[in-house]
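As a basis for the values below, the full set of heavy atoms in this structure was taken, side chains included, without hydrogen atoms, waters or symmetry mates. Counting convention: from 1, in listed order, for ligands and their atoms alike.
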Amino acid sequence: MFMDGADSTKWDVVIVGAGIVGLASAYHILSQDPACRVVVVEKGASAGQGDTAKSVAGVRNTFTSEVNRLLSETSIDFYRHLQADLGLDLHLEFVGYLWLLTSHLLEHFEPVIQQMSRGGVELKLWEGKQLSEMLSGARLVVDPSDKEAQVMGFSSVVKGLQGIKCGTVGPEKIVEFYEKKVREMRGVIRYGEKVKSIILEPHHKLGMSGEPFVWQDASVKGVVTDRAEIRAEQTVVAAGGWSTELLDTIGVDSHVRTKKRQVFAVKGPELDALLYSKGFNEQGVLPLTIVPPGLVYMKPNGSAGSFWVGVSDYLGRRFTFEEEPVAEDSFYTYNVNPILSRYFPCFVNVRPFNKWAGHYDMNTLDANPYVFEDSGLIVAVGASGSGVMKADAIGRIMAANQARKDFATLYGGKQFKVERLSVQARKVEPEQFVI
Ligand SMILES: Cc1cc2nc3c(=O)[nH]c(=O)nc-3n(C[C@H](O)[C@H](O)[C@H](O)COP(=O)(O)OP(=O)(O)OC[C@H]3O[C@@H](n4cnc5c(N)ncnc54)[C@H](O)[C@@H]3O)c2cc1C
């Protein structure tokens with residue numbers, strides 16, 4: 001029985017983190033074994049307030065790694081099922097993703113396009129001329145004598161690549177679903193409780209201080225929070241960007257590094273014609289569009305009349321982790337806005353009315369998630385900026401791992417060999433499409 005301050009319950013599973021991954025994991029663990037005693041511990045006051053709340057909330061199946069594709073495809077199918085069949089409004093809208101391609105990018109993309117098409121990804125190629133007609137006010141052709149454009153590395157957009165089974169979703173709605181179901185299945189979620197450390201103990205305790213000594217077999221037995229010691233058969237770390245800090249304390253490598261990512265919300269009458277571009281989808285809005293160079297993206301929020309814009313900055317930006325990262329106005333002014341304004345002059349005088357920042361937990365090796373087991377601990381990290389769109393599949397793989405099954409059943413019945421996301425027996429292709 002649990003009472004604040006003293007937890008004498010012998011839990012089967014303690015999960016650190018009530019983000020989308022932690023809650024999807026709890027949901028699938030309980031779905032496969034309703035008798036399992038699961039407790040989720042979250043330092044925030046409510047669910048999904050970590051990087052899940054910072055997400056741009058795009059969903060896409062356009063990945064070059066077959067595993068990433070499978071994880072996102074089946075998760076998107078599950079979210080669609082919840083919305084279409086069970087009537088839950090997850091704000092899932094298939095508005096598409098649109099990559100604007102220069103001839104240089106097109107050359108790089110061609111084999112990738114073929115690879116994705118062979119993998120069954122539905123794609124549509126637009127000619128540059130068509131795009132110029134469809135995108136109101138766009139200036140997609142760059143004059144070769146334009147010195148400034150040359151210095152800044154701009155060249156003409158020659159094609160557009162649209163991913164069809166792509167769009168946007170409300171992560172808070174997905175989190176709400178998992179949270180409700182976990183409670184209905186008698187899972188316990190404790191908010192406002194921070195895990196301070198992971199309990200690592202020898203199998204045969206001697207009662208001496210300094211245990212475990214190196215010659216003792218040891219494994220993880222739970223966690224210590226700022227309120228209680230929580231003992232469990234299995235400990236799951238789904239703490240997103242915070243996982244590294246936690247795992248470091250017991251010498252387990254998270255295999256991820258965190259990078260700050262910033263988002264800026266913009267709106268204004270001058271953007272409306274672009275926002276409500278016709279011809280790409282039945283919603284009559286611009287798809288989530290990625291603009292060269294530098295992978296600046298703009299995500300349409302049709303009903304709010306705004307865009308969220310940001311950029312996937314890699315080289316030259318440090319790996320850092322901050323408890324509360326802050327978006328920088330200067331980053332918008334000198335990095336995001338010049339690119340958008342160049343191709344879409346309607347952005348020239350547009351300033352953000354809101355901004356925020358979070359972290360990507362980057363798997364710098366192959367940009368596929370990890371679900372790995374280490375000494376009584378299971379870790380789910382490394383979503384690399386696409387954890388919302390893969391969370392359901394990651395939760396299922398986590399649950400299969402927890403039940404010591406070799407295969408997880410993804411939504412739609414596909415079987416997935418759990419060890420493919422492990423560290424030791426990893427079997428994934430490096431991802432080329434990280435945004
Ligand atoms: C700017 C930005 C844009 C993004 N855009 C997209 C997108 O378009 N599509 C997409 O699919 N993904 C996107 N992502 C990535 C996505 O948000 C993440 O992959 C996903 O939210 C990760 O979920 P999580 O549950 O692992 O982490 P989180 O949501 O961060 O959850 C971890 C939880 O653990 C809790 N926690 C941490 N430490 C402790 C502790 N010691 N004790 C107790 N609790 C703890 C935290 O409070 C947090 O709630 C984006 C991310 C960012 C930052």
Side-chain angles (χ1 to χ4, degrees), residues 14-26 39-61 63 68 71-72 75-76 79 97 166-172 174-175 178 189-198 223-227 230 236-247 249 254 256 258-264 288 290 297 299 308-313 321 323-325 327 355-363 367 369-371 379-395 398 434-435:
V14 55
I15 299 177
V16 185
I20 195 164
V21 171
L23 288 175
S25 302
V39 57
V40 183
V41 186
E42 166 57 53
K43 69 183 173 64
S46 57
Q49 294 307 304
D51 281 320
T52 300
K54 311 291 177 64
S55 160
V56 169
V59 296
R60 61 182 165 110
N61 63 347
F63 287 95
N68 269 340
L71 302 182
S72 68
S75 298
I76 295 170
Y79 304 152
Y97 264 51
C166 303
T168 58
V169 74
E172 71 289 354
I174 305 173
V175 162
Y178 287 132
I189 310 176
R190 286 158 53 165
Y191 291 114
E193 185 166 355
K194 183 174 180 178
V195 172
K196 300 287 228 186
S197 58
I198 296 172
V223 296
V224 177
T225 75
D226 49 9
R227 282 206 245 146
I230 304 177
V236 168
V237 173
W242 288 265
S243 304
T244 304
E245 189 185 36
L246 212 50
L247 295 172
T249 60
S254 70
V256 295
T258 46
K259 241 192 197 189
K260 176 166 145 179
R261 282 282 182 271
Q262 312 180 41
V263 186
F264 302 88
L288 196 156
I290 299 114
Y297 58 78
K299 179 216 164 181
W308 290 353
V309 299
V311 59
S312 284
D313 46 330
F321 184 76
E323 188 64 31
E324 286 294 345
K355 60 179 192 281
W356 62 90
H359 293 97
Y360 275 16
D361 53 337
M362 284 300 304
N363 166 348
Y370 283 109
V371 178
V379 182
V381 279
S384 306
S386 45
V388 169
M389 63 183 98
K390 297 176 191 157
D392 189 69
I394 296 173
M398 168 65 85
V434 179
I435 300 170

Would you mind checking which non-hydrogen protein atom is closest to [atom], with the distance to 0.1 Å?
atom	answer
atom 51 (C) of ligand 1	Tyr360 CE1, 3.5 Å
atom 38 (N) of ligand 1	Trp242 CB, 3.3 Å
atom 9 (N) of ligand 1	Gly58 O, 2.9 Å
atom 26 (O) of ligand 1	Val21 CG2, 3.5 Å
atom 6 (C) of ligand 1	Ser55 OG, 3.2 Å
atom 41 (N) of ligand 1	Val195 O, 3.0 Å
atom 27 (O) of ligand 1	Gly240 CA, 3.7 Å

- Gly241 near ligand 1, heavy-atom distance under 4.0 Å? no
- Message: So, 4.0 Å and heavy atoms of Lys299: is ligand 1 close enough to count as a contact?
- Response: no
- Task: With heavy atoms under 4.0 Å as the rule, classify the contact between Val41 and ligand 1 as side chain, backbone, both or neither.
- Result: backbone
Below 3.5 angstrom, do we get any N/O pair linking [X] and ligand 1?
X	answer
Val16	no
Val388	yes
Val263	no
Gln49	no
Ala18	no
Gly385	yes
Met389	yes
Asp51	yes

- Determine, considering heavy atoms only, which of Lys260, Glu42, Lys43 sits nearest to atom 35 (C) of ligand 1. Glu42
- Query: Nearest to atom 4 (C) of ligand 1 by heavy atom, Val56, Thr225, Leu288: which?
  - Reply: Val56
Element-labelled atoms of ligand 1 that are located less than 4.0 Å from some non-hydrogen atom of [X]:
X	value
Ala238	32 (C)
Glu193	43 (C)
Lys54	1 (C), 2 (C), 3 (C)
Gly17	33 (C), 34 (O), 35 (C)
Gly19	25 (O), 29 (O), 31 (O), 33 (C)

- Message: Side chains of Tyr360 and Asp51 only: does a donor on one sit below 3.5 Å from an acceptor on the other?
- Response: no
- Query: Per the side chain to side chain contact (heavy atoms under 4.5 Å, CB included) rule, which among Asn68, Asn363, Asp361, Val381 passes with Pro369?
  - Reply: Asn68
- Item | Quiz item: cation-pi between Lys299 and Trp308, 6.0 Å / 45° | yes
- In terms of heavy-atom contacts, does CD of Glu323 have more than 12 from other residues, nucleotides or ligands at under 6.0 Å? yes
